[in-house]
Amino acid sequence: SQQGEEDPQALSIQEGENATMNCSYKTSINNLQWYRQNSGRGLVHLILIRSNEREKHSGRLRVTLDTSKKSSSLLITASRAADTASYFCATAVSGNTPLVFGKGTRLSVIA
Amino acid sequence: DTEVTQTPKHLVMGMTNKKSLKCEQHMGHRAMYWYKQKAKKPPELMFVYSYEKLSINESVPSRFSPECPNSSLLNLHLHALQPEDSALYLCASSPTGVTYNEQFFGPGTRLTVL
């Protein structure tokens, strides 16, 4: 399975701190995506990084991709209570195969 | 309009009932998806429609029947469900017919099967 595996499964930090979560996968990919899900709600797409990219930024988010290690990391800087959510990585192999979601990291940001 | 809407938000049904979930998007997206998500688990893909044709069925039991009447609308017909089918059902869409684009999710329908 190419399923991504997030690490850690759960993370609790204080407001203002940075949060880092990691994703590992098993096969070559076209791109890797990160999604956020607030409790019991739909997923929100955060960022997509292609296999030929190494780093992308979006606001307080920084994503890196290391295809040699088959891993990605999501950094949220200066976290806020509103960042409390589950974060999933999803890997895409080709246009005809489904995105495969990892198990997710549950982030709690304490005010 | 940049959102995916789902109705109803909550649904409680008995094992003998027939019900339908509805999903709508007006972003001109050409691929639409149904996912099932259990608590504290990632979404599991059920079906993909690409250009209004079923392109992926992840071996879903026949008690779940998808339908795509037009490019904006996706239904999931439910019949003779089991209690273990209770979950959050998520609809999503993506701009083109390929599955590796970013996906836009609706808020989900929380289904409880008694």
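Residue numbers begin at 1 in each chain, while the letters A, B, ... track the order of the sequences.
- The hydrophobic clustering, which links ILVMFWY residues whose side-chain heavy atoms are closer than 4.5 Å, places B:Leu21 and B:Leu74 together.
- Linking ILVMFWY residues whenever their side-chain heavy atoms come closer than 4.5 Å, directly or via other members, leaves B:Leu111 and B:Val12 in distinct clusters.
- Between A:Ser94 and B:Tyr100, the shortest heavy-atom contact is C-CD2, 3.1 Å.
- Of the atoms belonging to A:Gln37, it is side-chain heavy atoms, and not backbone ones, that fall under 4.5 Å from chain B.
- B:Phe64 and B:Leu54 fall within the same hydrophobic cluster, where Ile, Leu, Val, Met, Phe, Trp and Tyr residues are linked whenever their side-chain heavy atoms come under 4.5 Å apart, directly or through other members.
- In terms of heavy-atom proximity, B:Pro42 sits nearest to A:Gly102 at CB-O, 3.0 Å.
- Under the 4.5 Å side-chain heavy-atom criterion for grouping Ile, Leu, Val, Met, Phe, Trp and Tyr, B:Met15 is connected to B:Leu76 within one hydrophobic cluster.
- Within 6.0 Å of CZ on B:Arg30 lie more than 12 heavy atoms contributed by other residues, nucleotides or ligands.
- In B:Lys18, the NZ atom is not crowded: 12 or fewer heavy atoms of neighbouring residues, nucleotides or ligands sit closer than 6.0 Å.
- Considering all non-hydrogen atoms of both residues, B:Tyr35 and A:Leu99 come closest at OH-CB, 4.5 Å.
- Both A:Trp34 and A:Val109 belong to a single network of hydrophobic side chains, linked directly or stepwise wherever heavy atoms of I, L, V, M, F, W or Y lie under 4.5 Å apart.
- B:Gln37 touches chain A through its side chain: at least one heavy atom from C-beta onward sits under 4.5 Å away, while N, CA, C and O do not.
- Residue-level contacts of residues 82-98 of chain B with chain A, in order of numbering, are B:Leu88, B:Leu90, B:Gly97, B:Val98; threshold 4.5 Å between heavy atoms.
- Proximity to chain B at a heavy-atom threshold of 4.5 Å picks out A:Leu48 from residues 47-56 of chain A, in numerical order.
- Crowding of A:Gln9 atom CD: a count of heavy atoms from other residues, nucleotides or ligands under 6.0 Å not exceeding 12.
- At a heavy-atom cut-off of under 4.5 Å, chain B is reached by no residue from residues 60-87 of chain A.
- Qualifying ring-ring contact (aromatic ring centres under 6.0 Å, His included) partners for A:Tyr35, counting only residues two or more places apart in sequence or in other chains: A:His45, A:Phe101, B:Phe105.
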